[in-house]
Number of protein chains: 2
Amino acid sequence: MVTIKDVARAANVSTATVSRVVRDKGQVGDKCRAKVQKIIKQLGYRPNTNARALVSKRSDTMGIVTPNLSDPFFGGIAQGIEEVARQMQYKVMMGNSLHDEEGEIEAIASLRENGCENIIIHSKYSSNETLIKLCEELPGLVLINRFIPSIAGRCVWLDNTVGGRISTEYLLNNNHKDIAVLTSYYNNQDPHDRIRGFKMAMEMAGHTVKDELIFVSDLKQVIKQGQNGGNLEGESTAKRLLESGQKFTAIIAYNDHMAVGAMNLLLDNGIRVPEDVSIIGFDNVYVSMIVRPQLTTINYPVVQMAKYAAQLSIDLTKDKENVENKTHLFMPELIERNSVYHLKES
Amino acid sequence: MVTIKDVARAANVSTATVSRVVRDKGQVGDKCRAKVQKIIKQLGYRPNTNARALVSKRSDTMGIVTPNLSDPFFGGIAQGIEEVARQMQYKVMMGNSLHDEEGEIEAIASLRENGCENIIIHSKYSSNETLIKLCEELPGLVLINRFIPSIAGRCVWLDNTVGGRISTEYLLNNNHKDIAVLTSYYNNQDPHDRIRGFKMAMEMAGHTVKDELIFVSDLKQVIKQGQNGGNLEGESTAKRLLESGQKFTAIIAYNDHMAVGAMNLLLDNGIRVPEDVSIIGFDNVYVSMIVRPQLTTINYPVVQMAKYAAQLSIDLTKDKENVENKTHLFMPELIERNSVYHLKES
DNA sequence: TTGAAAGCGCTAACAC
DNA sequence: GTGTTAGCGCTTTCAA
């Protein structure tokens, strides 16, 4: 292993000078710099990150905390973060948070110990208070897919209420009035916001919202298993809807996984999609494109948001002035495909 | 930040003693240990990983090198590794390798600089020579999904030839003889092995292999984009098959993504699956379960293999004797679902 | 513009 | 069984 000393010796300068050249900081004479750079290349010197982190208390490492990487939604987050990290010469460290507040806290603590200043967390389980406190301690902490007003500058989020609204409006425009909602019971904000959007749209159009057409998944365990869970959740919730015997011409699902589960249950029961029942999803993940009929859904630009979050985190630790107090809101968008049927007006 | 010195002072012992109890190594008196442990808890001391890595040249960090995390196949690998890493108190660091040998080498180099002894790599692009050399330098390097005989003890792999064979045999048992193959052009071994298995099975059953029914994807660019790419690849390759006007009753696809792409193309052209054409995939990823008809496929126990690889890597750096010279081969398995039709004997 | 030197927090060899 | 001490490779004052 070639160290800074080796370079210093070979270049006939001090280690301090080499350090300056490497970090491109401080004053160094032009030919001195050139000489050192040449030697560095020649010897193949690469600074030891641990030594560096030890003394400087920073490690150019980006931390990611998510519940589950095998779900492509989170995979997309990781991918997005990784891309800007590599571009900005950052390493990436993962903390799998499992499924509770303790897990999230522990993952962050572990990251911090490694000198990880920049952390992106998809927190489902920690309380607002916990996260607010964490944000105070860690200038580079950014929340993705969550919004807490008092730390708005740290939140990269999607307007789920709008998402719920536009999917409902689309259904309404296609003359669906008897709309069932299949939602997840996640204890975070998203499902509530999406339903809020649904109710807003219904009321704005002069329809009464029937609470008995809103079905909350009861598969508490299953959903923790990622995409498969979502699928099963959709199936079982749709089954309850069917068994309720109520009239409906369309379903709004919490996300694409649930939508596909519901669609399959319908199909397996001889109910045609979209001719008999229309379905609309949320997220616009890969499966929504490949199922038949292709799923009409709401785009969740998660990779883009992840990239934004990573960049934001870096900015927060580099040049604070420009960044604080901004708000980082992304907008959902309707992706029109083939799972919604245009009803004749009745 | 509380350091080892703080603990030593508070416990009235030397830092060396604290270090011993923290690492649970060396001789320490019982009450001395108890006292130190109590102080550690009290002060909330957690060792600085960078200082530790600096001096010991190891960092209890597991490195993962894969091309693309947003593909759930790789997400599964990451997930599996992460699980055993957390269990064994290791951190996880990612190196996204992009899509060339240089990227893979660079990712590994970066990991090593961080004192990462244990690295799991899914290498598609590096040559055997490169990997063999790397294995010599890095005792904790493990290859996943690749087999190189001279470093068999470092390779956790699946027998793709057997996979190709059993999927062919299954088709044969269902009286399909005119079998088309849609394969990827990846420059690694997998497609070749699977086709070899296909040819073996055909010949063993007394059928001649028609090379003109083997279609190699020509979408060099697209496949780099992960699952979507696979899907598109399947569509376009199936299209060429269709346009060739040849007779076939079944398709073997390189993987599930391609199978689904092919299935959708067939469906969109009014060809029924499996009644008109049967399809069999490979990998048993999530989508194979949720498409309709559900895809018959070959299980690739990737998460299990990833866990195994992670454990192997740790063993290799801990107690070498027991581990070297073993072979780490996993076997594919048929997953029977609904995309293969039982043909009447002709 | 450059160098000398202190020290980051920890481990490990050696001494007692 | 426990303490002393010399670094690991680097950054960063402070002096020159």
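Below, chain A is the first sequence line, B the second, and so on; all start at residue 1. Hydrogens, waters and symmetry mates play no part in the numbers below; they use all other heavy atoms, side chains included.
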Which of the following nucleotides, [options], is nearest to the side chain of [X]?
X: A:Ser56; options: D:dT11, C:dT2, C:dC10; result: D:dT11
X: B:Ala16; options: D:dG9, D:dT2, C:dA13; result: C:dA13
X: B:Ser14; options: C:dT1, D:dG3, D:dG9; result: D:dG3
X: A:Val13; options: D:dG3, C:dG3, D:dT12; result: C:dG3
X: A:Thr17; options: D:dT12, D:dT4, C:dG3; result: C:dG3
X: A:Arg23; options: D:dG3, C:dG3, D:dT11; result: D:dT11
X: A:Val55; options: D:dC8, C:dG7, C:dC10; result: C:dG7
X: A:Arg52; options: D:dT2, D:dT11, C:dC10; result: D:dT11

Could you check how far [atom1] of [X] sits from [atom2] of [N], rounded to whole Å?
X: B:Leu54; N: D:dT11; atom1: CG; atom2: P; answer: 12 Å
X: B:Leu43; N: C:dG9; atom1: CG; atom2: C1'; answer: 15 Å
X: B:Glu113; N: D:dC8; atom1: CD; atom2: P; answer: 19 Å
X: A:Arg46; N: D:dC10; atom1: CZ; atom2: P; answer: 12 Å
X: A:Gln27; N: C:dT2; atom1: CD; atom2: P; answer: 10 Å
X: A:Arg33; N: C:dT1; atom1: CZ; atom2: C1'; answer: 11 Å
X: B:Asp30; N: D:dG1; atom1: CG; atom2: P; answer: 9 Å
X: A:Arg20; N: C:dA4; atom1: CZ; atom2: C1'; answer: 11 Å

Which residue pairs satisfy the ring-ring contact (aromatic ring centres under 6.0 Å, His included) criterion with at least one member in residues 51-76 of chain B, sequence neighbours excluded?
-> B:Phe73-B:Tyr300, B:Phe74-B:His122
Is any side-chain nitrogen or oxygen of [X] closer than 4.0 Å to OP1 or OP2 of [N]?
X: A:Ser19; N: D:dC10; result: no
X: B:Thr3; N: C:dG9; result: no
X: B:Lys25; N: C:dT11; result: no

For B:Val28 and for A:Thr49, locate the closest nucleotide of DNA chain D by heavy-atom distance; then report the residue assigned to the nucleotide nearer the 5' terminus.
-> B:Val28
DNA chain D: B:Ala51 or B:Cys32, which has the more 5' nearest nucleotide?
-> B:Cys32
Expected output: side-chain [X] to main-chain [Y] donor-acceptor under 3.5 Å:
X: B:Ser313; Y: B:Val142; value: no
X: B:Asp6; Y: B:Thr3; value: yes
X: A:Asn114; Y: A:Ser110; value: yes

With B:Arg112, which of B:Glu106, B:Glu117, B:Glu137 fulfils salt bridge (charged side-chain N to carboxylate O under 4.0 Å, His left out)?
-> B:Glu137
Picking from B:Leu143, B:Ile105, B:Leu111, B:Ile120, what satisfies side-chain contact (heavy atoms from CB on, under 4.5 Å) with B:Val65?
-> B:Leu111
